[in-house]
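Accompanying notes for the structure given below.
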Amino acid sequence: MSTTRPCSPGDRGPEPGAGGASGMSAERAAPEEEAASVASASSTAATSSAVSAASAEDASPSEGGSGGGSPSSAAARRTRRLNFDGQSGVVPLARDFARQALYAWGWLPAATADQRAAAEDVLLVVSELVTNACLHAEGPDDLWISCDNKVLRIEVSDKGAGQPAPRTPHRAGRPGGHGMFIVQRLCLDWGVVRTSGAAGKTVWAELGAPA
């Protein structure tokens, strides 16, 4: 496995259709959160395929989970996964999934402007990483979001062979090409993880928790 590092609706509730995202998420954290997720899936009449996917989510993150960034205790880290197989509208789906995680973990609703800005940064980074996978890697495979008391980590896996990097030089007025520049500016750290002998990659980014 190798790691390479190239040199707004923050406090709204989950958007309509949130049951689909929560039906495919799972969390290695407090049992009451897991129970709430199952209850949400039931109340929205989740399909049998979504229920099947949810039962398989409670697994360790991809190899990208240990590929770089700040170390943290696995016991203290809560993790959710969204699988994109057969899904359409993956960017809004990913944002809503991330928003649900922020509500579950106490980032939302935001009590201060700093907390609101931190949550909006998370949603923006999720959007940019998933969009980048759609544009350059034939779409994302999985989205992992994990959090401890200090750092929130986002991982998007895909089967693409390209190397994400901010456009150099960056020109603010040029259309397109701003995604990885935004990620670089907003995040504490980010990088790309590849596993030897396996196709694709995982792009990860870490953001600081709000004060």
*asked:* For a quick test of reading the model, state the closest non-hydrogen atom pair linking L188 to G208 and the distance between them.
replied: CD1-N, 3.5 Å
*For L124, all residues meeting side-chain contact (heavy atoms from CB on, under 4.5 Å), sequence neighbours excluded*: E128, I182, L186
_For the student: nearest non-hydrogen atoms of R78 and D148, plus distance_ = NH2-O, 4.5 Å
*Enter the distance from N132:CG to M180:CE here, rounded to the nearest 0.5 Å.*
6.0 Å
*Smallest separation among heavy atoms of N83 and Q87, with atom names*: O-CG, 3.9 Å
_How close do R95 and L123 get, counting heavy atoms only, and between which atoms?_
NH1-O, 3.2 Å
*Could you please spell out the steps behind the side-chain contact (heavy atoms from CB on, under 4.5 Å) verdict for E138 and D158?*
CA-CA 8 Å; E138 300 181 6; D158 61 57; over 6 Å; no
_Residues in side-chain contact (heavy atoms from CB on, under 4.5 Å) contact with S88, at least two apart in sequence or another chain_ = none
*Say you draw a straight line from CZ of R81 to CH2 of W144; how long is it, rounded to the nearest 0.5 Å?*
5.5 Å
*What heavy-atom pair brings T79 and W105 nearest, and what distance separates the two atoms?*
N-CZ2, 4.3 Å
*For residues F97 and L82, report the shortest heavy-atom separation together with the two atoms involved.*
CZ-N, 3.6 Å
*Quick one: CD on E120 to CD on Q115, what's the gap to the nearest 0.5 Å?*
12.5 Å
_Keeping S157 on the side-chain end and D142 on the backbone end, is there a donor-acceptor pair under 3.5 Å?_
yes
*Identified salt bridge (Lys or Arg N to Asp or Glu O under 4.0 Å) partner of E206 from the options R153, R77, K150*: R153
_Quick check for you: to the nearest 0.5 Å, what is the distance between I154 atom CD1 and C147 atom SG?_
10.5 Å
*Could you list the residues that satisfy side-chain contact (heavy atoms from CB on, under 4.5 Å) with A205, not counting sequence neighbours?*
V125, L129, V183, C187, W190
_Stepwise side-chain contact (heavy atoms from CB on, under 4.5 Å) test for L102 and L152_ = CA-CA 10 Å; L102 295 179; L152 184 142; 3.8 Å; yes
_Taking side chain to side chain contact (heavy atoms under 4.5 Å, CB included) as the criterion, tell me which of D96, L143, V91 meets it with V126._
L143
*Give a yes or no on whether the backbone of I145 and the side-chain of R80 come within a donor-acceptor separation of less than 3.5 Å.*
no
